[in-house]
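Within every chain, numbering begins at 1; the chains are lettered A, B, ... in the order of the sequence lines, protein sequences first and strands thereafter.
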There are 2 protein chains.
Amino acid sequence: MQKNPVQCQFVAALDSIVGKWKPIILYHLLQGKPLRFNELRRLLPGITQRMLTLHLRELEEEDLVKRVIYPQIPPKVEYSITEYGKSLSPILESLHQWGAAHVERKQLKKENDEQ
Amino acid sequence: MQKNPVQCQFVAALDSIVGKWKPIILYHLLQGKPLRFNELRRLLPGITQRMLTLHLRELEEEDLVKRVIYPQIPPKVEYSITEYGKSLSPILESLHQWGAAHVERKQLKKENDEQ
DNA sequence: TGGTATAGTATTAAAAAAGGTACTGTAACG
DNA sequence: CGTTACAGTACCTTTTTTAATACTATACCA
């Protein structure tokens, strides 16, 4: 896809993490407890079923999330983080912290500009 | 933009980093040396002038990159990382490493699948 | 005098991502 | 007997992102 190896590595990492809902899906699953489809949906206000499905499928495809189907009615499907997915934890944690600081910084700047 | 604070923080961080060329622009500028527009362009094979301009403007807007114009002809404009921009360094470094490992893992898997 | 380098902008088109709405089948609950 | 919960899929539209191409002005070099 990319000839430039450095860019390729960034792309590979970001593809796994990026998508409007992916980081927060991973964030919730990284709490450790497996979550059902609709539990996740409730944790992500504003997401549509379609978007949740799409992002979960992509995460599964990359072996970051595991999907377990319980053959019962009504259906039960549990999503959980994989061992490999856990390796993303420090990155997401850093992003989360930097993001929080960035939001605060922006807010301060905005307040200064308003004076 | 986002009501969910956690998501908001991820979004804030990712917005700064994401964009097809942003991480690699930052990566090059994080080497320390200021770079001229066309120097960057040569470092990013495949990027169009427009894309480079757009991404640089966004990075400047977020105070991650500094733009210095030398009023001479032909024009000279230098881009460099800001002090604040340097705070992204550990995140980009982690992304880069994880990405490299992820690429390798995918490659191994592909080779296994082919047998 | 014609070509090259500089750092872009403008306009249009294409591709990718996200969103909206409706629909499925079954069981348990009231 | 109507409603709700479950975990989705199908189809279509909108928004966002990226790309392609042409264009600007000026100076230097041969």
**Report entry** hydrophobic_cluster_shared for B/Val103 and A/Val6, side chain cutoff 4.5 Å
**Finding:**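 Different clusters.
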Between [X] ([atom1]) and [N] ([atom2]), how many Å, whole number?
X       : N      : atom1 : atom2 : result
B/Ile17 : D/dT17 : CD1   : P     : 16 Å
B/Leu14 : C/dA18 : CG    : P     : 12 Å
B/Ile69 : D/dA25 : CD1   : C1'   : 15 Å
B/Lys76 : C/dG8  : NZ    : P     : 13 Å
B/Trp21 : D/dT17 : CH2   : C1'   : 13 Å

Looking at residues at least two apart in the chain, or sitting in another chain, which of them share a side chain to side chain contact (heavy atoms under 4.5 Å, CB included) with [X]?
X       : result
A/Gln31 : A/Tyr27
A/Leu30 : A/Ile81, A/Lys86, A/Ser89, A/Leu92
B/Ile69 : B/Arg67, B/Val77
A/Leu43 : A/His28, A/Leu35

Query raised in the report: Closer to the 5' end of DNA chain C via nearest nucleotide, is it B/Arg67 or A/Gly19?
Result: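 Counting from the 5' end, the first nearest nucleotide belongs to B/Arg67.
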Requested in this report: Kindly state which residues belonging to residues 27-43 of chain B come within less than 4.0 angstrom of DNA chain C, counting heavy atoms of the residue only, listed by number.
Outcome: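 Under 4.0 Å from DNA chain C: B/Arg36, B/Phe37, B/Asn38, B/Arg42.
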Requested in this report: Under 4.0 Å from any atom of DNA chain C, heavy atoms only: list the residues of residues 45-59 of chain B that qualify, in numerical order.
Outcome: B/Gln49, B/Arg50, B/Thr53, B/Arg57
Query raised in the report: If the sugar-phosphate is the primed atoms plus P, OP1 and OP2 and the base is the rest, what is the B/S/- string for nucleotides 25-30 of chain C, using protein heavy atoms under 4.0 Å?
Result: BBS---
Query - Within residues 91-101 of chain B or reaching into it, pairs that qualify as side-chain hydrogen bond (donor to acceptor under 3.5 Å, both in side chains) - sequence neighbours excluded - result: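 For residues 91-101 of chain B, and leaving out neighbouring residues, the side-chain hydrogen bond (donor to acceptor under 3.5 Å, both in side chains) pairs sorted by first residue read A/Gln9-B/His96, A/Ser87-B/Trp98, B/Glu93-B/Gln97.
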Checking [X] now: which residues fulfil salt bridge (charged side-chain N to carboxylate O under 4.0 Å, His left out) with it, not counting sequence neighbours?
X        : value
A/Lys106 : B/Glu62
B/Arg105 : A/Asp63
A/Glu58  : A/Lys22

Query raised in the report: Which part of the nucleic acid, if any, lies within contact of A/Tyr79, taking any heavy atom under 4.0 Å across all strands shown: a base, the sugar-phosphate backbone alone, or nothing?
Result: sugar-phosphate
Requested in this report: Indicate whether OP1 or OP2 belonging to D/dA19 is found under 4.0 Å from a side-chain N or O atom of B/Lys20.
Outcome: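 For B/Lys20, the contact criterion (side-chain N or O under 4.0 Å from OP1 or OP2 of D/dA19) is met.
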Report task. Check which hydrophobic residues are tied to A/Tyr70 through side-chain heavy-atom contacts below 4.5 Å, counting indirect links as well, and list them. Result -> A/Val68
Requested in this report: Before giving the answer on side-chain contact (heavy atoms from CB on, under 4.5 Å), spell out for A/Leu52 and A/Phe37 the whole-Å C-alpha distance, their side-chain angles and the decisive distance to 0.1 Å.
Outcome: CA-CA 8 Å; A/Leu52 182 52; A/Phe37 186 84; 3.8 Å; yes
